[in-house]
Each structure stands twice: as structure tokens, then as C-alpha cells.
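What follows is a short report on a single structure.
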Number of protein chains: 2
Amino acid sequence: MTDRQSASMEDYLEAIMVLDREGGKVTVTRISQAMGVKKPSVTSALSRLVEMGFATHEKYGEIHLTGKGLRIARDVYKRHQALKRFLIDILDVKEDIASEDACRMEHYLSSISVERLDKFIEYVMGCPQGKPLWLEGFNYYLNHGKRNPEHMAACSSRCKVSSKNGKLF
Amino acid sequence: MTDRQSASMEDYLEAIMVLDREGGKVTVTRISQAMGVKKPSVTSALSRLVEMGFATHEKYGEIHLTGKGLRIARDVYKRHQALKRFLIDILDVKEDIASEDACRMEHYLSSISVERLDKFIEYVMGCPQGKPLWLEGFNYYLNHGKRNPEHMAACSSRCKVSSKNGKLF
DNA sequence: CCTCTTAGTTAGGCTTATCTAACAATTATG
DNA sequence: CATAATTGTTAGATAAGCCTAACTAAGAGG
């Protein structure tokens, strides 16, 4: 039922979904540019997606995901976002690196682990009073190579009111 | 200089290193069993590793990693451990799932991100007084679907004295 | 409506990484 | 030490996924 597709197929499905959300027709050229592959690769991939029942594509015509295809695309995207948010918000990795890492790893995280990761981010970032102090402490640790004596004394996880990472994505 | 090899090549290098650490001669058969591939695949992979200067292997003879090969193997293994420890110790994922996830993702985490992840685990698990209370709070959140009111009141990250995860690996 | 440009497809080749079947070398055993 | 069992290699097939080159379809401008 929930068999994973190849990394490549997942990438195509995800790209089609994202391009569709961006608006306008989803074309071979757009997919090609978005994914950094040549157009014949897209045509070839599309024929496999169609064969597997994940997309529809009439010659020279429109490209759409089927229900099945969309479900997979959303799954992949969810994994992508969870990984990216973790890397950026918790580990303080720069956005471009985080995105690249997420793009590569999104195909390999089990559903159990995504679920946990999602909950973890929710738990940490959803701290009622804002960014947890212990996370501030981690930043200090990253920058200074040692624990902040103040944090160690208090060992407090009281939350900051304003979050440093205010952007939605 | 630090070009990443393919996932498959990294897997072979890692397996050879681990088998070597386990003791005894590293043989085609052992590699084959450890990795779940047939023996001709191992022979073929070995010839590529030798060609790239990552291993030595005389016909019907001994298999060893070169310095270059060992360096890569250690890198991969480090990523593996970081991911696994994170999944188990922080996200409370079961060991077998964590290992599988780590095995697949270990090839795709950038060096910057491993570094951060390592530091993160070090920071969290190395809390002077033991397992942080906020992490206990996360466990509660996982099991009950909501924050523990007590933790919310205190929002404390004081550490438990004894760690629940006492094993080294 | 004809031509030129752009978009998409087809054909064919390459690489990686796997497999099976058959063969060769090595090791163990009576 | 001769033969059987194990171990390792070679040859050849297959599949995914990418590429280039060449072709065809569709659409835009004069």
C-alpha cells in the first residue's frame, strides 16, 4: 500500500506538485528547469509516472498528478519540510544548506521518524513563551564551544518571547 | 578533495571498516552477507574501490582499506552514528528503525549539518545533571499529545540524574 | 497562411549497480 | 594427496536514470 518510490520518482512528483501550487501550467520545460535535468529525462520520467498511475500526461498536453501521485508528493514534501525546519530552527544551519540536505534526505526518513521529528519541532518551537532558553543555550554552546555558565547554574528552559526565526518557511 | 562517493561505494567502505573492527579477515563472503548483496556484486564493487584508491585487494587475497578509504569510511560511520543517536536518544525512535533510517540517510547529510547534529547531541545528552527535563517533557508530549502542565508551569530544563539510555551505542 | 521559434518527443548511448549462471581457485577432509 | 566443499571471479543480462542529437508538433509574427 504505502510502498516508497525511487528517489528520482519522488523528486518528479514533488516538483510537479510544487510547480502546480505556484500556478500556471505545469510543463516539461518548467519541470526540467526546476529539477536541473534535461527535457528528455522529464519526458521519460513522466511516462514512468503515468504507467505507475501517479500522473496523467497526453502527448504535448497537460501534466497532472492523480490522487495517488498527489498523496505521495505531499508525503515527500512533508518530510522535506520537517527536515528543513529541524536543520534551520534547531541546528541553526543556513537555509540553502538545509534545503539541499532536506532535498537529499527526504526520500529516506521512515514515516515513524518524520512523525517524531514533526512533533519535536512542534514541541520545541511551540513553547508557549517563545524560543526555549535551552535552545539559546545550544547556540551559545555552538559559538563558544562550551556551556554558558549562567544557563548551567539556572539550567532553565524558560522561553524567550520573540523568536529569532520569524519566517514561516 | 572531500568529494563524496556514491551511496553504494560509501556502504562498501563502511562495511569493510566495520567488519575489520569486528576482527578476522575481511572476505568477499562476509561483505556480501553483511550488506545483503551477492558475491559478484562485491567483487565488482571492490575492483572499483581499488581503482579509486580506496582499497587494496589481490585476487583471492586480502581486502584492506587504504588511508583514503578509511578516512571516508570513518566519515560515513560518524554520520551514521550521529543520525542514529539523534533518532534514538532525542526522538525516542526504536533502535532497529533508527539504524535503518541512519543507514539510508548517512550518505546525504552535509558535513556542516553532521557537525551541528553532533554538537546538539553532545549538548543535550551531556547536560551536567543528566537527561534534561525538557526532553522528559517531550516524551510526555509524545505520549499524551499535549504538554505536561507541570513542565509548562516550571518550564524548567533541570536535568535528571540517571539517564534512561545508558548504552554506549 | 507561411515561416520561425519554442516546446516536446524519439532514438540511442552511457554509467552505476545489481543479478544469475558458469567457471576457477582455495581449503578442508577422509 | 585426491576429491569435495567452499570461496571468489568472469561473463553477460537487466534496470534506472541520465545525457546528446535529431526530429516533430505547436504557436506567434509578419
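Just the heavy atoms: all of them, side chains too, but no hydrogens, waters or symmetry mates, feed the values below. Per chain, numbering begins at 1; letters A, B, ... match sequence-line order.
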Contact under 4.0 Å: B:S44 side-chain N or O vs C:dA17 OP1/OP2: no

With no hydrogens and no angle check, just 3.5 Å: does a side-chain donor-acceptor pair link A:Y77 and A:Q81? yes

Check whether any side-chain N or O of A:T27 sits under 4.0 Å from OP1 or OP2 of C:dA7, and answer yes or no. no

Mind checking B:M9 for me? I need base, sugar-phosphate or nothing, with any heavy atom below 4.0 Å counting as a touch. sugar-phosphate

Ignoring backbone atoms, test whether A:S41 places a side-chain nitrogen or oxygen under 4.0 Å from the OP1 or OP2 oxygen of D:dC19. yes

Near DNA chain D, under 4.0 Å by heavy atom, which residues of residues 46-65 of chain B? B:H57, B:K59, B:Y60

Look at B:T43 and D:dT10 and indicate whether a side-chain polar atom (N or O) is within less than 4.0 Å of OP1 or OP2. no

Does B:V37 reach a base, just sugar-phosphate, or nothing at all? Heavy atoms under 4.0 Å. sugar-phosphate

Kindly assign one of parallel, tilted or perpendicular to the pair B:F120 and A:F86, based on the angle between their ring planes and the thresholds 30° and 60°. perpendicular

With a cut-off of less than 4.0 Å, is there a side-chain N or O of A:T29 near OP1 or OP2 of C:dT6? no

Distance in angstrom units between B:K39 NZ and C:dC23 P, rounded: 17 Å

Per A:P40 side chain, nearest of listed nucleotides D:dT20, C:dA17, C:dA21: D:dT20

